[in-house]
Amino acid sequence: MPVIAKQADWQFASKSKHTADNKRTRKQRVEASYVPAIGSLPVSRFDVKVPSKRKSIGDHKKTQKRRKPSGGDHASALAPAAPAGMVWDSENWSCAYDSLMSVLYDIWSDKPKNWTTIFRGMNANMKMLSTGFRQFSKEEIYFETARDRVRAELNASDPQSFPYGKAGTAIHVLVDCLGSLDLVKGLEVSYCRGCTTQFEVEFEGRAYIDCPNSHHSSTQEWLNSWILRTTGTACAGCGGRVYKERRFGKSIDLLLFNLGSDEVEIDLKMKVPGEKAARVLELRGVVYTDGAHYTARIIDREGCVWRYDSMADDKCVEDSWEGILEGIGRKGVVAIYAKKSNKR
Ligand SMILES: [Zn+2]
């Protein structure tokens with residue numbers, strides 16, 4: 001029974017127009033390019049900014065852009081305030097960043113101190129992002145400035161995946177960069193169940209999982225197979241089957257999934273095995289594409305679903321769970337899970 005996808009499955013099912021043939025290093029292995037590079041549509045073609053079925057009561061209030069800090073007003077208000085949503089940059093198309101980072105901000109704003117520590121412990125980009133989020137929450141900078149600072153770093157390190165101008169962003173490479181755990185090494189343990197043979201190898205830590213195809217049926221299944229798999233090699237000691245088990249080098253609070261197939265089911269909860277006990281993360285957002293533009297659904301900590309579109313007048317409108325896993329004419333490309341925040 002094959003347990004993992006072959007390497008070949010990962011690579012370049014379709015070539016991103018922003019990824020040149022030569023010079024592929026990090027982006028190369030990715031996964032990243034199984035979704036064609038995407039930019040944006042002219043506003044006129046974009047017709048779904050307001051779901052027709054939404055209710056009228058309190059609508060106005062709810063759909064107001066929470067352009068400012070999400071502070072603590074959110075939990076106490078009867079009608080939940082809409083999450084803050086970044087505004088699309090028409091000069092330098094930004095919908096990939098907007099969608100992913102607005103979800104991340106909603107998570108961050110649950111418990112800023114806590115999440116700042118977590119983001120800072122992941123990698124330099126997330127550290128910078130959390131600093132920007134903090135400044136934005138204090139109204140010291142625009143929300144988009146937090147985005148643009150990180151974007152500048154990304155562009156400097158990989159201009160092909162993260163171009164400026166009217167060009168698309170390789171969102172799976174973005175997930176790769178934001179979801180890396182540069183400061184933590186993971187551990188891959190190979191062991192045989194028949195004898196005591198065991199090897200341990202370190203690997204680059206990460207908080208993202210690639211699901212390039214429908215080889216596994218759901219995000220949870222993809223995680224499970226990423227964590228534990230059998231190998232083709234026989235144990236040198238006894239000839240038994242060798243297993244490989246990956247261990248996150250730290251407890252995982254945030255987990256991103258790169259989705260390459262819309263047949264992969266997006267689980268609402270994610271069980272992450274840990275040394276002591278499994279940890280449960282909750283789905284907090286999904287980024288979608290219609291082939292030309294990225295949008296997202298943000299699931300706030302109260303479980304309210306918001307449809308977010310950085311090109312729309314109302315960035316966030318209240319939405320339902322319906323179709324959240326399928327995407328309604330769109331394809332889910334990234335699923336974001338986070339540990340549950342306790343109420344403040
Ligand atoms: Zn053995």
Side-chain angles (χ1 to χ4, degrees), residues 3-5 10 30-31 100 103-104 106-108 110-111 114-123 125-126 129-130 172 174-191 200-230 243-261 264-287 297-301 303 324-325 332-342:
V3 179
I4 55 164
W10 295 105
V30 190
E31 303 123 23
L100 188 54
V103 173
L104 290 175
D106 196 65
I107 294 169
W108 180 90
D110 281 355
K111 277 199 160 186
N114 215 322
W115 281 105
T116 295
T117 306
I118 293 165
F119 282 20
R120 291 173 75 95
M122 291 176 71
N123 58 65
N125 292 316
M126 290 294 275
L129 191 61
S130 70
H172 290 137
L174 179 61
V175 167
D176 229 30
C177 291
L178 297 184
S180 68
L181 299 177
D182 295 348
L183 308 173
V184 192
K185 289 282 179 218
L187 199 61
E188 185 176 72
V189 184
S190 305
Y191 62 91
E200 294 183 358
V201 195
E202 283 188 341
F203 66 94
E204 204 180 317
R206 54 152 83 181
Y208 63 88
I209 301 294
D210 296 301
C211 317
N213 53 46
S214 57
H215 193 92
H216 299 292
S217 62
S218 67
T219 48
Q220 179 75 64
E221 290 296 315
W222 272 104
L223 174 68
N224 294 349
S225 74
W226 184 80
I227 288 176
L228 180 65
R229 62 199 207 277
T230 53
Y243 293 82
K244 284 194 177 193
E245 186 181 326
R246 290 192 178 109
R247 292 173 190 161
F248 292 105
K250 57 181 278 193
S251 63
I252 288 293
D253 301 304
L254 181 73
L255 203 49
L256 307 167
F257 286 76
N258 276 325
L259 307 173
S261 163
V264 175
E265 193 180 313
I266 301 172
D267 294 296
L268 299 180
K269 290 190 191 300
M270 181 62 48
K271 242 183 174 176
V272 185
E275 298 241 345
K276 290 165 202 151
R279 167 169 271 241
V280 178
L281 307 183
E282 296 185 327
L283 183 67
R284 291 297 302 274
V286 179
V287 178
R297 279 206 184 83
I298 297 171
I299 300 153
D300 71 20
R301 65 169 173 179
I324 195 158
L325 308 180
V333 285
V334 182
I336 300 109
Y337 294 84
K339 74 168 175 183
K340 196 178 169 68
S341 285
N342 298 319

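We're numbering straight along the sequence, starting at 1.
- Residues satisfying the side-chain contact (heavy atoms from CB on, under 4.5 Å) criterion with Y243, sequence neighbours excluded, are Y191, R193, L228, T230, R241.
- To the nearest 0.5 angstrom, I266 atom CD1 is 10.5 Å from S218 atom OG.
- For L254, the side-chain contact (heavy atoms from CB on, under 4.5 Å) criterion is met by L104, I107, W115, F119, M122, M126, I336, A338, not counting sequence neighbours.
- Here K269 pairs with E282 under the salt bridge (Lys or Arg N to Asp or Glu O under 4.0 Å) rule; sequence neighbours left out.
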side-chain contact (heavy atoms from CB on, under 4.5 Å) between I118 and K339, worked out: CA-CA 11 Å; I118 293 165; K339 74 168 175 183; 3.9 Å; yes

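- Annotation for R284 and I299: closest pair NE-O, 2.6 Å, computed over non-hydrogen atoms.
- Close placement of the W226 and F248 rings is indicated, their centers lying within 6.0 Å of each other.
- T219 places a side-chain N or O within 3.5 Å of a backbone atom of D267 that can act as its donor or acceptor partner.
- The distance from the CD1 atom of I209 to the CG atom of L223 is 5.0 Å, given to the nearest 0.5 Å.
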Worked verdict on W222 versus N213 for side-chain contact (heavy atoms from CB on, under 4.5 Å): CA-CA 10 Å; W222 272 104; N213 53 46; 3.1 Å; yes

Verdict with reasoning, E265 to Q220, per side-chain contact (heavy atoms from CB on, under 4.5 Å): CA-CA 9 Å; E265 193 180 313; Q220 179 75 64; over 6 Å; no

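- Applying the salt bridge (Lys or Arg N to Asp or Glu O under 4.0 Å) rule to R247 yields the partners E245; only residues at least two apart in sequence or on another chain are considered.
- Residues that satisfy the side-chain contact (heavy atoms from CB on, under 4.5 Å) test with S217, not counting sequence neighbours, are E221.
- In this structure, C211 SG and H172 NE2 are separated by 8.5 Å, a value rounded to the nearest 0.5 Å.
- Here D210 contributes atom CG and D176 contributes atom CG; the two are 6.5 Å apart, rounded to the nearest 0.5 Å.
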Candidate pair I252 and L181, rule side-chain contact (heavy atoms from CB on, under 4.5 Å), full reasoning: CA-CA 10 Å; I252 288 293; L181 299 177; 4.1 Å; yes

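- Closest non-hydrogen pair, D182 versus S180, comes out as OD1-OG, 3.0 Å.
- When all heavy atoms of I227 and P273 are compared, the closest pair comes out as CD1-CD, 3.4 Å.
- Atom-to-atom distance recorded for S214:OG and L259:CG is 12.0 Å, nearest 0.5 angstrom.
- In this view, S190 and F199, V242, K244 satisfy the side-chain contact (heavy atoms from CB on, under 4.5 Å) rule, not counting sequence neighbours.
- The CE atom of M270 sits 14.0 Å away from the CZ atom of R279 when rounded to the nearest 0.5 Å.
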